[in-house]
Amino acid sequence: MKIIKPRILKGTRDFMPNQMIYRDFVMSKLKTVFEKYGYEPLATPAIEYFDVLSGKYGDEVEMLLYRLAYRDGRTLALKYDLTVPLSRVVAMNPDIVKPVFKRYQIQPVWRAEKPQKGRYREFTQCDVDAVGSASVLVDAEIIAIINEMMVSLGFQNFEIKINNRKILDGIAEYAGVSDKSKLVCRCIDKLEKIGVEGVKDELEERDIPPNAIDKIFTILSLRSKVGLDTTREKEATLNAIEERLKEFDNPRQGVDELRQINDSLKCLGVPDANYSFDICLARGLDYYTGPIFEVVVKEANIGSLVGGGRWDTLIGQFTGREIPAVGTSFGLERLIDAMGMLSLLPPGQTKVQALVAPFNEDLMMQALTYVSQLRAADIKAEIYFEPDSIRNTMGYANRKGIPIVVIVAPDELQEGKVAVRNMQMKRQEKVDIANFVTRVREILTDENT
RNA sequence: GUGAGCGUAGCUCAGGGGUUAGAGCACUUGACUGUGGAUCAAGUGGCCGUGGGUUCAAAUCCCAUCGCUCACCCCA
């Protein structure tokens with residue numbers, strides 16, 4: 001027999017039971033919040049026609065599409081994100097957007113990247129989008145969801161950065177380099193990372209004329225103190241940007257949208273300390289057209305945990321008729337990685353609540369009826385099938401973190417009882433067989449409160 | 001795609017030309033005859049990633065290759 005060496009593609013992972021518990025935990029929180037805001041689930045295939053995905057993201061990203069060598073080798077690809085498949089669904093079912101289609105979607109996506117910290121080839125995106133409305137109130141709602149989500153997961157110091165593509169384009173227009181708008185955006189996006197001089201150098205290298213660079217920086221100097229602004233400071237920043245760019249329609253509109261978002265967020269109860277307007281935020285994907293946002297947790301240092309924005313023209317690429325849309329994407333793995341680093345993940349490595357431990361083979365059948373009784377009472381219970389020694393049984397329960405062990409042994413049975421051991425408290429008591437399920441339930445609820 | 005670093009026990013790593021390759025943790029067994037996180041003792045476990053080269057001698061130096069990690073680009 002030929003032995004195949006077991007291995008796994010770089011950038012993909014197996015999720016063991018203890019990790020799945022965390023994934024389920026975070027996903028259920030996400031679903032709860034999404035549904036609370038009226039969004040409904042959708043799923044799409046892993047495989048799409050290549051031309052459906054191609055040309056939507058941008059030149060660099062195009063290389064990262066996973067193409068499938070099916071038939072001619074170029075007609076299919078694995079999905080790269082959940083937004084383009086959604087736009088395809090809407091293009092095929094245009095009626096669902098009357099008046100608005102609000103969906104969430106939690107599925108894996110694939111990117112042909114070189115993996116590194118916080119970056120995988122297969123990972124799970126958790127998207128919420130609203131399709132059909134051009135109202136900036138929806139943008140605010142998405143940001144409110146992001147905020148509630150981050151708070152609900154236990155993050156204390158996070159920052160929702162908000163900007164607008166229209167303002168970014170305006171900066172390039174103001175500097176007289178509209179044709180290089182994308183390039184300019186990419187450079188100023190790095191301000192935080194490489195500093196003012198770094199950005200200047202990079203702009204020079206890309207042949208942006210010195211006077212244009214100066215003009216770009218007169219706008220960037222209006223940048224607010226990220227994350228620390230009060231409402232009034234935010235308004236002042238927006239006003240200053242608007243004043244500087246007032247001769248250009250597009251950026252003026254962009255500023256106005258942010259102002260409306262700011263007002264809406266106040267009504268939606270999003271604290272000022274949790275978001276900021278950052279005119280350096282760019283986002284790489286081509287399909288964003290209006291407000292864009294991103295969440296960074298500085299302590300975690302694994303890039304953005306959440307990213308999104310308005311994408312009003314994507315669906316039009318399929319139908320010729322534009323349908324406005326806005327939404328965001330949560331990176332499941334990055335959220336969990338960050339929560340792990342900040343100790344925000346709940347303890348507990350198993351969901352099993354009770355282990356029934358027969359003392360010897362002769363008591364196995366009896367033990368089966370007991371474990372069955374526990375399950376009938378909706379207690380997650382398993383039986384230890386190898387009654388080799390009570391020591392090993394306890395060791396197993398301990399390793400796995402099972403809170404209660406029900407010992408079925410001759411001494412107790414003679415009195416019509418079983419032993420119920422609370423592992424955490426190291427307390428053990430004899431309980432009448434008639435009552436042991438109730439007793440187990442009591443111990444479990446005591447512990448959980 | 002560009003660049004850097006690392007591959008030694010199940011895990012984290014030491015050893016950086018010279019007998020038979022080490023430690024901690026984990027695992028197995030025992031002290032403990034019906035009880036798990038502790039302690040102590042003993043034990044199992046290695047083609048030193050793979051292939052070639054230099055050398056009297058290679059885990060150690062050189063080359064290649066594979067794998068992993070990190071950074072750039074871009075992104076969740």
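So you know, we letter chains A, B, ... as the sequences are listed, proteins then strands, and number each from 1.
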A:Ile167: which of A:Leu281, A:Ile279, A:Ile219 passes side-chain contact (heavy atoms from CB on, under 4.5 Å): A:Ile279

Taking the [atom1] atom of each, how far is [N] from [M], in whole Å?
N: B:A58; M: B:C70; atom1: P; result: 35 Å
N: B:U8; M: B:C40; atom1: C1'; result: 29 Å
N: B:C32; M: B:A41; atom1: C1'; result: 14 Å
N: B:G46; M: B:C11; atom1: P; result: 13 Å
N: B:C61; M: B:G1; atom1: C1'; result: 32 Å
N: B:G15; M: B:U28; atom1: C1'; result: 28 Å
N: B:G49; M: B:A21; atom1: P; result: 15 Å
N: B:C62; M: B:C74; atom1: C1'; result: 37 Å

Are the side chains of A:Leu368 and A:Met365 in touch, meaning some heavy atoms are under 4.5 Å apart? yes

Parallel, tilted or perpendicular: which fits the ring planes of A:Tyr370 and A:Phe436, with parallel below 30° and perpendicular above 60°? perpendicular

When you check every protein heavy atom under 4.0 Å of nucleotides 35-46 of chain B, what one-letter string (B, S, -) results, 5' to 3'? BBB---------

Can you tell me if A:Lys79 uses its side chain to pair, donor with acceptor, with the backbone of A:Thr44 under 3.5 Å? yes

Sorted by position of nearest nucleotide on RNA chain B, 5' first, the leading residue of A:Leu9 and A:Glu202 is A:Leu9

Taking the six-membered ring where the residue is Trp, are the ring centres of A:Tyr104 and A:Phe34 under 6.0 Å apart? yes

Expressed as a whole number of angstroms, how long is the span from [X]:[atom1] to [N]:[atom2]?
X: A:Glu205; N: B:C73; atom1: CD; atom2: P; result: 12 Å
X: A:Phe123; N: B:C74; atom1: CZ; atom2: P; result: 16 Å
X: A:Lys182; N: B:C73; atom1: NZ; atom2: P; result: 18 Å
X: A:Tyr396; N: B:A26; atom1: OH; atom2: P; result: 20 Å
X: A:Asn392; N: B:U33; atom1: CG; atom2: P; result: 12 Å
X: A:Ile188; N: B:C74; atom1: CD1; atom2: P; result: 13 Å

Going by number, which of [range] have a non-hydrogen atom under 4.0 Å from RNA chain B?
range: residues 113-120 of chain A; answer: A:Glu113, A:Lys114, A:Gln116, A:Lys117, A:Gly118, A:Arg119, A:Tyr120
range: residues 300-317 of chain A; answer: A:Ser304, A:Leu305, A:Val306, A:Gly307
range: residues 14-39 of chain A; answer: none

Just to verify, what does A:Arg399 make a side chain to side chain donor-acceptor pair (under 3.5 Å) with, not counting sequence neighbours? none

Remember a base hit wins even if backbone is also touched, and classify A:Lys190 as base, sugar-phosphate or nothing at under 4.0 Å, heavy atoms. sugar-phosphate

Contact class for A:Arg186 (heavy atom, under 4.0 Å): base, sugar-phosphate, or nothing? sugar-phosphate

Please confirm whether the shortest side-chain N or O distance from A:Lys10 to OP1 or OP2 of B:C68 is below 4.0 Å. yes

Phosphate OP1/OP2 of B:A71 contacted by A:Lys193 side-chain N/O (<4.0 Å): no

Could you report the tightest heavy-atom contact between A:Val405 and A:Ala357, atom names first, then the distance? CG1-CB, 4.0 Å

Quick one: the dot-bracket string of RNA chain B, using Watson-Crick and G-U wobble pairs with both distances under 3.5 Å, [ ] for crossing pairs and | for bases paired to another strand. ((((((((.[[[[.)..(...]]]].(((((.......))))).....[[[[[..)....]]]]])))))))....

Would you check if there is a donor-acceptor pair between the side chains of A:Arg375 and A:Gln373 at a distance under 3.5 Å? no

